[in-house]
Amino acid sequence: MTAPSQQKLKVQGAAVITANRLSDGAVVYRTAAGAWTTQLADAAVVTGTQAAKELLARAAADENIAVGAYVAPVDVGADRIEPGNLRERIRVAGPTFSLPACIAG
Amino acid sequence: MYIYDDFDLTLVAERVAEFRDQVARRLSGELNEEEFKPLRLMNGVYLQLHAYMLRVAIPYGTLSSKQLRALAHIGRRYDRNYGHFTTRQNIQFNWIKLSDLPDVMADLAEAGLHGMQTSGNCVRNVTTDQWAGVAPDEIEDPRVWAEILRQHSTLHPEFSYLPRKFKIALTAAATDRAAVRVHDIGLRLHKNGTGETGFEVMVGGGLGRTPFIGKTIKPFLPKRDFLSYIEAILRVYNQYGRRDNIYKARIKILVHELGAEKFAAEVEAEWRNIKDGALALDPAFVADIAARFRYPDYKALSDNPIELKRARAADPKFEGWFRNSVTPHRTPGYAIVTLSLKPEGAPPGDATSEQMDAIADLADRYSFGEIRVGHEQNLALPHVAQRNLPALWEALDAVGVATPNVNLVSDIIACPGLDYCSLANARAIPVAQELSRRFKSLDTQREIGRLHINISGCINACGHHHIGHIGILGVEKNGQEFYQITLGGRADENAELGALLGPAVPYAEVAEAIEDVVAAYVELRERPNELFVDTVKRVGIEPFKERVYATR
Ligand code: SF4
């Protein structure tokens, strides 16, 4: 139940910094250039607690663009980055069922 | 319907202007997130997994057709064409942009709607029986009292920063449809030995991490003392409630730690100081509020008209729906109709903008323009002439809200869970969808009989799993979704918390485990109409445990 942003930071493996865009709440990721992107593929990937902490500190200071920044696990494949857990998969892809508007047409 | 006066309309309009300014200042960076968050929460705006969520209050579950159309419009114009009715007589929009919110609130305000008292540590939207004012088993309309509380608590400076959120529910009927025993304060209107009407006052009920059934601290409170006594409870809570630990901050912990008797004594002491002051209720004031609830001009009709008899005899589908979804009304010739928002395989409590518009039109045509919202995440049309039931049924069926599964096993209550909620451990909606598919046969559902399944995606218990006949709670184990199952809970006048069945089961097995529980019940019950909860009470949970875990 503890939201990721409130958890003690211990990062094993690859991670990205994610947040919600202030103006519309959209899921965004921190890029290496210090900007935000809605594409996980363009996110800066870090490994280990120290690197994650540094990237998080810079991202969290940018809260007028994106709020609630936290470290999210990712799986890095040969040619793509995948969300590292179900919560993050849902944040990328939306709810795991069709929205009602689609059912009722 | 309750008719708002200029004071309310001005208050809501002022709040919109204030919020517009606050949003502009946040977007420009003048306010930081820490400053802004409490302001948005005071207006029902949360940040969830993918977007902002706006929660709109539906005071005592009563909506006009104009208001329902306003909600449909919000869904269509600013969201993804639907809304989600919650377990507390609210509606949530899940995909709202912060930059649109001032306009959303302005549009809502035009219909007298807002998000105040839907979040934050204040007295939340007061809830009551969704059949208030029309149920044959009630002694008077409890909404009058809910409205008095609403007026008193809205923006009440002393109660805007309570130790934690505060939920009050009221009932005036023999059957408790408002789950009053699991609220911070539960109020039951009843008559004492001399025939006077007053309130049984219960405190310290609640679900979440530490569930409790409320304790009665005042068996009979006269009406004149309604506000002063509740104020005394809130003052004692405000003074002694734990602000140092969010998990211990609700009034239920205080009542539990002090003991109900000591807590009641504290309330009495506080109450003595204020009971004869400004809060003593003048009957003329109560009468004035009551007069603002307008009841329809019912026609002189008789029960069981020929149109109804014919349709029931001619069409088994209509008959099935009638027996399931239509309930007696206090006025002869009328009926209360429940609209199921739980069609097979759909997320519980969701309605599209088209459905909301269609229901608003049908309310105008058949229910004097009025709609009700219940904590079971269904809607109701409260004033339908029985002779119109066949035509109404066809129209409801055409928009997908006539599934005759009310109170049956597929009428599942579920919170948004991990598909939306940032606090969730596990998904709730897909579990509900899977169960509703497995139990889709109406014959099977009818044979099983009344059975409430409640699902929460985390210990906060928004899906009220502790008081489901079968409760399902999502937990996380090593990054995987697991579900704890509880049996024997109930939300009515005999409220009880369910007992844990055994170890949590993984996502892939939860629907099957529930099927096992239901199959065991059907074998174990003494007679076809022995309720699931009664069977559990009689035989205990062991036989269910054996059935579920024998093969796992
Ligand atoms: S019970 Fe938990 S997961 Fe469900 S809506 Fe409440 S906080 Fe979210």
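Each chain gets a letter, A, B and so on, in the order the sequences are listed, and its residues count up from 1.
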- request: Sort B:Arg26 into side chain, backbone, both or neither according to what part of it lies under 4.5 angstrom from a heavy atom of chain A.
  value: both

query: Hey, what do you get for CG (B:Asn405) to NZ (B:Lys440), rounding to the nearest 0.5 Å?
result: 14.0 Å

task: Identify which part of B:Asn32 has an atom lying under 4.5 Å from any heavy atom of chain A, answering side chain, backbone, both or neither.
output: both

task: Using a cut-off of under 4.5 Å on heavy-atom pairs, state which of B:Lys97, B:Gln48, B:His50 scores highest against chain A.
output: B:His50

task: Select, from A:Leu22, A:Leu86, A:Ile65, the one with the greatest count of heavy-atom pairs under 4.5 Å involving chain B.
output: A:Leu22

- prompt: Should the pair B:Arg25-B:Asp21 be classified as a salt bridge under the 4.0 Å nitrogen-to-oxygen rule?
  reply: yes

message: Determine whether a donor-acceptor pair (N or O, by modelled atom type, separation under 3.5 Å) exists between the side chain of B:Thr118 and the backbone of B:Arg55.
response: yes

task: Could you look at B:Tyr52 and say if it's the side chain, the backbone, both or neither that has a heavy atom under 4.5 Å from chain A?
output: both

field: Check ion pair B:Asp103-B:Arg77 (N to O, under 4.0 angstrom)
entry: no

field: Selection from B:Asn94, B:Asp100, B:Leu27, B:Val475 maximising heavy-atom pairs under 4.5 Å formed with chain A
entry: B:Leu27

message: Between B:Glu33 and B:Arg40 (salt bridge meaning N to carboxylate O under 4.0 Å), is one present in this structure?
response: yes

- request: Tell me, please, whether A:Trp36 has A:Arg30 positioned over its six-membered ring: NZ or CZ under 6.0 Å from the ring centre and within 45 degrees of its axis?
  value: yes

message: Between B:Val399, B:Leu49, B:Ile96, who has the most heavy-atom pairs with chain A when the cutoff is under 4.5 Å?
response: B:Leu49

field: Any donor-acceptor N or O pair under 3.5 Å, side chains B:Trp95, B:Tyr82
entry: yes

- prompt: Among A:Thr18, A:Val92, A:Asn64, which has the most heavy-atom pairs under 4.5 Å with chain B?
  reply: A:Asn64

field: Contact origin within B:Leu101 toward chain A - heavy atom pairs under 4.5 Å
entry: neither

message: Any carboxylate oxygen within less than 4.0 angstrom of a Lys/Arg side-chain nitrogen, looking at B:Arg427 and B:Glu481?
response: yes

- request: With a 4.5 Å cut-off on heavy-atom pairs, point out which of B:Ala51, B:Ala351, B:Gly417 contacts chain A the most.
  value: B:Ala51

field: chain B contact via A:Asn20 - side chain, backbone, both or neither, heavy atoms under 4.5 Å
entry: side chain

query: Is it the backbone or the side chain of B:Leu47 that comes under 4.5 Å from a heavy atom of chain A, or both, or neither?
result: side chain

